[in-house]
Amino acid sequence: MKRIKYILTILLLLSVELLAKNNVATITALKGNADIKRDSSLLLASIGDKLNQKDNILTKSNSKVQIIFEDETVVSIGKNSEFSIQEYLFEDNAAPIAKFSMLKGAMRTITGQIGDIAPNRFSVSTKTATIGIRGTNFSVFVEDDGSSSAFCTYGAISVAVGGVTHIVPQGFYINVSPSGKVEIKELTPKVLKAAKEKHFD
């Protein structure tokens, strides 16, 4: 009987350790109701919830979520949005990677240690573009018609569209139409305010 209890205790500790390794981020702020889509389950999100690879965060018309990843990357997700953690690894003796998808809505991010030590392994993809970083703060917006835009508020971003990479410096933004047409424009206070009001206020 003691042996069985010992084995069960070891198995429990191993499962807890394995579960902890799967955790890649924590929900640190939440306004309104949001859901975590994990496999085939839909879970109501709460502050303090741990997130895993492949989790999707879904916000509603009255909700916003802030997530902090293991490398201290901060991601804020706007209303009516779906954000996906495609691949994430930040461990000792392993090449770090952060691959996210913005399926709809809006996100803002302040990149953490992965952005400093392996910026070429940090990316956010939409239906029409893949955004890479060069040590930066940026926002991504995906509209209902399939168009997307990325605002660079610090540093620079690289945006790959149809095999062509565009560099967007601080103070500019890029629009990508559903057909892949690209426009790079100055990021004015008026444009910033309009995006904030639409997606985050």
Side-chain angles (χ1 to χ4, degrees), residues 15-60 63-143 146 148-152 155 157-160 199-200:
S15 64
V16 168
E17 183 179 354
L18 182 62
L19 184 61
K21 285 185 177 180
N22 288 336
N23 298 151
V24 299
T26 304
I27 295 177
T28 54
L30 171 64
K31 179 181 179 182
N33 293 324
D35 294 316
I36 303 168
K37 185 178 179 183
R38 179 173 295 158
D39 299 324
S40 58
S41 301
L42 202 61
L43 312 170
L44 186 64
S46 300
I47 293 176
D49 282 351
K50 302 297 183 182
L51 301 175
N52 303 333
Q53 287 194 86
K54 307 303 181 183
D55 280 355
N56 286 19
I57 308 300
L58 294 83
T59 61
K60 299 175 172 55
S63 58
K64 295 181 288 186
V65 176
Q66 180 178 277
I67 302 166
I68 297 183
F69 285 83
E70 293 296 306
D71 73 316
E72 299 176 353
T73 289
V74 180
V75 173
S76 299
I77 304 165
K79 56 190 179 182
N80 293 318
S81 300
E82 184 171 359
F83 170 83
S84 177
I85 305 169
Q86 293 293 305
E87 187 177 0
Y88 183 91
L89 179 66
F90 185 68
E91 295 179 358
D92 293 338
N93 304 317
I97 189 168
K99 292 178 68 175
F100 308 125
S101 289
M102 201 65 214
L103 306 176
K104 67 174 184 176
M107 63 168 281
R108 293 187 297 219
T109 185
I110 301 172
T111 57
Q113 295 178 59
I114 293 178
D116 291 335
I117 62 179
N120 61 321
R121 294 176 64 81
F122 188 112
S123 65
V124 179
S125 61
T126 70
K127 290 179 181 178
T128 54
T130 300
I131 298 103
I133 64 166
R134 302 193 170 199
T136 189
N137 302 344
F138 65 98
S139 302
V140 178
F141 305 94
V142 179
E143 306 299 341
S148 60
S149 57
F151 294 9
C152 184
I157 56 176
S158 62
V159 181
H199 294 283
F200 287 97

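- Residues F69 and Y88 place their aromatic rings such that the two centres sit under 6.0 Å apart.
- M102 is listed as a side-chain neighbour of S81, based on a closest heavy-atom distance under 4.5 Å.
- In this structure, CD1 in I85 is found 8.5 Å from CD in Q53, a value given to the nearest 0.5 Å.
- No donor-acceptor pair under 3.5 Å is formed between the side chain of T26 and the backbone N or O of K50.
- A pairwise comparison of heavy atoms in A34 and L44 identifies O-CD1, 3.6 Å as the closest pair.
- Using a 4.5 Å heavy-atom cutoff, the side chains of I27 and L51 are in contact.
- Side chain to side chain, S148 and T128 meet the donor-acceptor criterion of an N or O pair below 3.5 Å.
- The shortest non-hydrogen separation linking L89 to A94 is CD2-CB, 3.9 Å.
- Looking at heavy atoms from C-beta onward, V74 lies in side-chain contact with Q66 at the 4.5 angstrom threshold.
- For the pair I110/N137, a side-chain contact is recorded, criterion being any heavy-atom separation below 4.5 Å from C-beta on.
- Taking the six-membered ring where tryptophan is involved, the planes of F83 and F100 are tilted, since the angle between them lies from 30° to 60°.
- Shown here for S101 and Q86, the closest heavy-atom pair between the two residues is OG-CG, 3.3 Å.
- In this structure, CD1 in I157 is found 12.5 Å from OG in S123, a value given to the nearest 0.5 Å.
- Residues I36 and I57 are in side-chain contact: their nearest non-hydrogen atoms beyond the backbone lie under 4.5 Å apart.
- Looking only at side-chain heavy atoms (C-beta outward), P96 and D71 stay at 4.5 Å or farther from each other.
- In this structure, the separation between CG on D116 and CZ on F122 is 11.0 Å, given to the nearest 0.5 Å.
- Taking all atoms of both residues into account, the shortest heavy-atom contact from G112 to T73 is N-OG1, 2.8 Å.
- Within the model, atoms NZ of K64 and NZ of K79 stand 8.0 Å from one another, a figure rounded to the nearest 0.5 Å.
- Going from atom CD1 of I67 over to atom CG of D55 covers 9.0 Å, rounded to the nearest 0.5 Å.
- Distance check, rounded to the nearest 0.5 Å: CG of N56 to CD1 of I77 gives 9.5 Å.
- Between the side chains of S63 and K31, not a single donor N or O lies within less than 3.5 Å of an accepting N or O.
- For the pair H199/E143, a side-chain contact is recorded, criterion being any heavy-atom separation below 4.5 Å from C-beta on.
- Side-chain atoms of D49 and L43, non-hydrogen and from C-beta on, never get closer than 4.5 Å to each other.
- For T59 against G78, the heavy-atom pair with the smallest separation is OG1-O, 2.6 Å.
- K60 and D35 are joined by a salt bridge, as a carboxylate oxygen and a charged side-chain nitrogen come within less than 4.0 angstrom of each other.
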